[in-house]
Amino acid sequence: MSLNYYDLILPVVPKGTFTYTSEHDIPVGSRVKVFFGSRIEHGIVKGKADKIHPDISYKNINEVLDDKPVFPEKYLTMFNKMSNYYQTPLGIAMRGVLAKSILSSERLDVDCDISDKSILLSLSNDQHSVYASLTKIIDSGFSANLLHGITGSGKTEIYIELVKECIKKGKQVIYIVPEISLTPQIVQRLSERLGFSVPVYHSKLSPKRKQKVFWGFNSGCYPLVIGARSALFIPSDNIGLIIVDEEHESSFKQEESPSYQLRDMAVMYADILNVPVVLGSATPSVESYFNALNGKYRYLELNKRFNEKQLPEIKIIDLKTSDIIDNLLSVKLYDKIFEKIKQNEQVLLLLNKKGYSKHLICKKCGTTLQCLNCSIALTYYKKGDYAKCSYCGEIYKFFKCSECGENDFLDFGHGTEKAVEILRELFGDTVIKLDTDSVTSHKKMQSILNDFYSGKYNIMVGTQLIAKGFNFPEVTLVGVLNIDNLLSLPDFRANERAYQLLMQVAGRAGRFIKKGEVFIQTYNPEMPVFQLLNSDSEKFYMEELSRRKEHDYPPFMRMVRIIISDTKEDRAKKTMETISEKINEAKSSETKTLGPSPAPIFKIKNRYRYSFIIKTPNVSRIQVLGRIARENFEVLKKGNMQLKLDVDPYFFM
Ligand SMILES: [Zn+2]
Ligand SMILES: [Zn+2]
């Protein structure tokens, strides 16, 4: 019998593929079990081997897990493209998006009796015309569509109609939302509208639940899966539509390898599958807006709120000239809150910092208390009396000043914990907190939301979480206590993020019967972003785009950020310098570079970090320069030094 040679993708070491042999004919996309060294590994057949060396004796494939392939060829094409574009070896890419429990799991027969009990909706005129132009995209090949609908305009209703249309045509839908928005309430609402219990997929599911949804969708039995990033990577050969809601969310960028951007992957995948993709947001990313402007995406707008309510006017309070209570609340905002509570209406307050205080300062010598592993000021938590590093998570129960040894500290700046304490003194027990410290699970979050929704509390204080698309009919006042720290970050997207956050949180006010009001406190009222909040959104995007063009930022340039980190500071520095020299020698004139320089957070988890940035208008240069970085790193690497190549980076600290 003749021997077949196969290239396999295995979720191991930074390498592309491994060649194994088999006497059987194994279809591409099947899962196999092999010995890798002395370990058992599960992998995917990528294809017949590219090259065979006569003097190597290849190992045999132990077992083929599937009688028909699980991963369609188009899926593998997408996978290859992702690995290439994000400069991540196939094995690492696979490990990053497919759970081990899935790769080795037995195929499940999922029972899926889905009958159509869906409820008919009535769409507004505005929604109807958008839907009419979108319904044509189903079954018409690839198209990328940007649905720009202001908060409260009913984007979800449009998605639901599209899902139904697609299912009617016998096709499946992948529907992605940010992980934090996957609340039981949202899933239940969707299930009611669609008339079946919608399967949910995200990283925190138990392996068993994950397997059920994976196989249910893969077999074609579930017509729809709603999920976080990882749901995009459930293979099926019958996908007819991909939806990405809240497409502007920066959490769609994965920080660990492969550091892909989910929105961009969804568009790339839809193109390969030749199906439509719908990206929706009340505040689209500047990149997507730009793609709509230049015709790459179809642009659809919903600019009326469903119930014809006006968006509230946003007013700015200059903290420099205001009387301020406890360094937190201007008298003006205090009066407004007081007035609302008297009428038994509800108030949302945004503060972009968790914990009790921003940092602790030694009373004797003025030194800021820092994490011992990271160059980061520790956040103080009064409940529990400890300080915590927000980067490595290290908790310090007993701490003293690193300079003078004193243990008497002044807490400086306000976090949500301190804000709640102050607000309770001012307004009584009617204050509740929502941030990632108080929300340990979707269930916990839902219970806080329910308490607020039912009117048990009048005031909710929280971080960005409170802006995440929740509906509170009784909220008539939104106050932003302070987001100035967001605007001072060394990040070209800082302005965009602040705009999106402010518009999203403002959109929580007066969504239903009552009129809403929005107040923003700031020490920098002259910042352009505050001037643009009440204008047409078009004005914001055009100004932001011209600023980006002037400074050679995306979407006009592609960016790659290279980080070398090492426990030895000078070794990291020298390696980064050598690699940056090599890149500078090889780069063309249109490519620009910045650095090398110490990263803004110089030390994380005891690793010293040096950063180097490449900006190029030419996508193909990314691969060339990325390869130079990797090849030189392989030669120079010592100890546990690490290289991170971040294509289209979102994190600049
Ligand atoms: Zn001190
Ligand atoms: Zn730390």
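Note that this is a predicted model, so its numbers are computed, not measured.
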> If you look only at pairs with a residue in residues 166-190, which of them pass as a ring-ring contact (aromatic ring centres under 6.0 Å, His included), with sequence neighbours excluded?
Replying inline: Tyr159-Tyr175
Got [X] and [Y] here, is their nearest side-chain heavy-atom distance under 4.5 Å?
{"X": "Tyr131", "Y": "Glu165", "value": "yes"}
{"X": "Pro11", "Y": "Leu103", "value": "yes"}
{"X": "Asn495", "Y": "Arg547", "value": "yes"}
{"X": "Met557", "Y": "Arg548", "value": "no"}
{"X": "Leu279", "Y": "Val277", "value": "yes"}
{"X": "Phe540", "Y": "Leu545", "value": "no"}
{"X": "Tyr201", "Y": "Ser230", "value": "yes"}
{"X": "Val461", "Y": "Leu350", "value": "no"}

Are side-chain N/O atoms of [X] and [Y] paired as donor and acceptor at under 3.5 Å?
{"X": "Tyr85", "Y": "Asp648", "value": "yes"}
{"X": "Ser251", "Y": "Glu179", "value": "no"}
{"X": "Asn352", "Y": "Asn482", "value": "no"}
{"X": "Gln500", "Y": "Glu496", "value": "yes"}
{"X": "Asn450", "Y": "Gln446", "value": "yes"}

Just wondering, are more than 12 heavy atoms of other shown residues or ligands nearer than 6.0 Å to [atom1] in [X]?
{"X": "Glu73", "atom1": "CD", "answer": "no"}
{"X": "Lys212", "atom1": "NZ", "answer": "no"}
{"X": "Glu538", "atom1": "CD", "answer": "no"}
{"X": "Asn294", "atom1": "CG", "answer": "yes"}
{"X": "Lys169", "atom1": "NZ", "answer": "yes"}
{"X": "Lys444", "atom1": "NZ", "answer": "no"}

>> Could you walk me through whether Leu477 and Leu348 satisfy the side chain to side chain contact (heavy atoms under 4.5 Å, CB included) test, starting with their C-alpha distance in whole Å, then the side-chain angles of each, then the deciding distance to 0.1 Å, before giving a yes or no?
In response: CA-CA 6 Å; Leu477 173 64; Leu348 280 183; over 6 Å; no
Gap separating the [atom1] atom of [X] from the [atom2] atom of [Y], nearest 0.5 angstrom:
{"X": "Ile9", "Y": "Lys46", "atom1": "CD1", "atom2": "NZ", "value": "6.5 Å"}
{"X": "Leu273", "Y": "Lys171", "atom1": "CG", "atom2": "NZ", "value": "9.5 Å"}
{"X": "Gln346", "Y": "Ile459", "atom1": "CD", "atom2": "CD1", "value": "10.0 Å"}
{"X": "Tyr289", "Y": "Ser537", "atom1": "OH", "atom2": "OG", "value": "5.5 Å"}
{"X": "Arg229", "Y": "Met265", "atom1": "CZ", "atom2": "CE", "value": "12.5 Å"}
{"X": "Ile176", "Y": "Leu232", "atom1": "CD1", "atom2": "CG", "value": "5.0 Å"}

>> Before you tell me yes or no, could you show the steps for Val475 and Met460 under side chain to side chain contact (heavy atoms under 4.5 Å, CB included), namely the whole-Å CA-CA distance, both residues' side-chain angles and the distance that decides it to 0.1 Å?
In response: CA-CA 10 Å; Val475 168; Met460 184 186 272; over 6 Å; no
>> Ser438: which residues meet the side-chain contact (heavy atoms from CB on, under 4.5 Å) condition with it, sequence neighbours left out?
In response: Lys433, Asp435, Ile448
Say whether, by atom type as modelled, one donor and one acceptor occur between the side chain of [X] and the main chain of [Y] under 3.5 angstrom.
{"X": "Ser219", "Y": "Trp215", "result": "yes"}
{"X": "Arg561", "Y": "Phe651", "result": "yes"}
{"X": "Ser133", "Y": "Val130", "result": "yes"}
{"X": "Thr476", "Y": "Lys515", "result": "no"}
{"X": "Asn238", "Y": "Gly170", "result": "yes"}
{"X": "Gln172", "Y": "Phe217", "result": "yes"}
{"X": "Ser181", "Y": "Val177", "result": "no"}
{"X": "Ser140", "Y": "Lys136", "result": "yes"}
{"X": "Thr88", "Y": "Asn84", "result": "no"}
{"X": "Arg558", "Y": "Pro554", "result": "no"}

May I ask you to say whether [X] pairs ionically with [Y], meaning some side-chain N is under 4.0 Å from a carboxylate O?
{"X": "Arg497", "Y": "Asp491", "answer": "yes"}
{"X": "Lys155", "Y": "Asp245", "answer": "no"}
{"X": "Glu161", "Y": "Lys164", "answer": "yes"}
{"X": "Glu246", "Y": "Arg263", "answer": "no"}
{"X": "Lys253", "Y": "Asp646", "answer": "yes"}

> With respect to Phe71, which candidate in Leu76, Asp66, Val28 satisfies the side chain to side chain contact (heavy atoms under 4.5 Å, CB included) definition?
Replying inline: Leu76
> Do you know which of Val163, Thr156, Ile158 makes side chain to side chain contact (heavy atoms under 4.5 Å, CB included) with Ile160?
Replying inline: Thr156
Taking the ring centre of each residue, are [X] and [Y] less than 6.0 Å apart?
{"X": "Phe233", "Y": "Tyr269", "value": "no"}
{"X": "Phe196", "Y": "Tyr222", "value": "no"}
{"X": "Tyr457", "Y": "Phe452", "value": "no"}

>> Under the criterion side-chain hydrogen bond (donor to acceptor under 3.5 Å, both in side chains), I'd like the reasoning laid out for Lys354 against Thr436: C-alpha separation, chi angles, the key distance, then a yes or no.
In response: CA-CA 8 Å; Lys354 292 189 295 180; Thr436 46; 3.1 Å; yes
> Between Ile466 and Leu349, does a side chain to side chain contact (heavy atoms under 4.5 Å, CB included) hold up when you go through it step by step?
Replying inline: CA-CA 8 Å; Ile466 63 166; Leu349 296 174; 5.8 Å; no
> Any idea how Phe472 and Tyr453 line up, ring-wise: parallel (<30°), tilted (30 to 60°), or perpendicular (>60°)?
Replying inline: tilted
>> Is the positively charged end of Arg493 above the ring of Tyr650, judged by distance under 6.0 angstrom from the centroid and angle within 45° of the axis?
In response: yes
>> Could you walk me through whether Phe556 and Phe290 satisfy the ring-ring contact (aromatic ring centres under 6.0 Å, His included) test, starting with their C-alpha distance in whole Å, then the side-chain angles of each, then the deciding distance to 0.1 Å, before giving a yes or no?
In response: CA-CA 9 Å; Phe556 301 96; Phe290 181 68; 5.0 Å; yes
>> If you compare all heavy atoms of Leu146 against all heavy atoms of Ser288, which two are closest, and at what distance to 0.1 Å?
In response: CD2-O, 3.7 Å
> With sequence neighbours left out, what residues match His248 under ring pair (Phe, Tyr, Trp, His ring centres under 6.0 Å)?
Replying inline: none
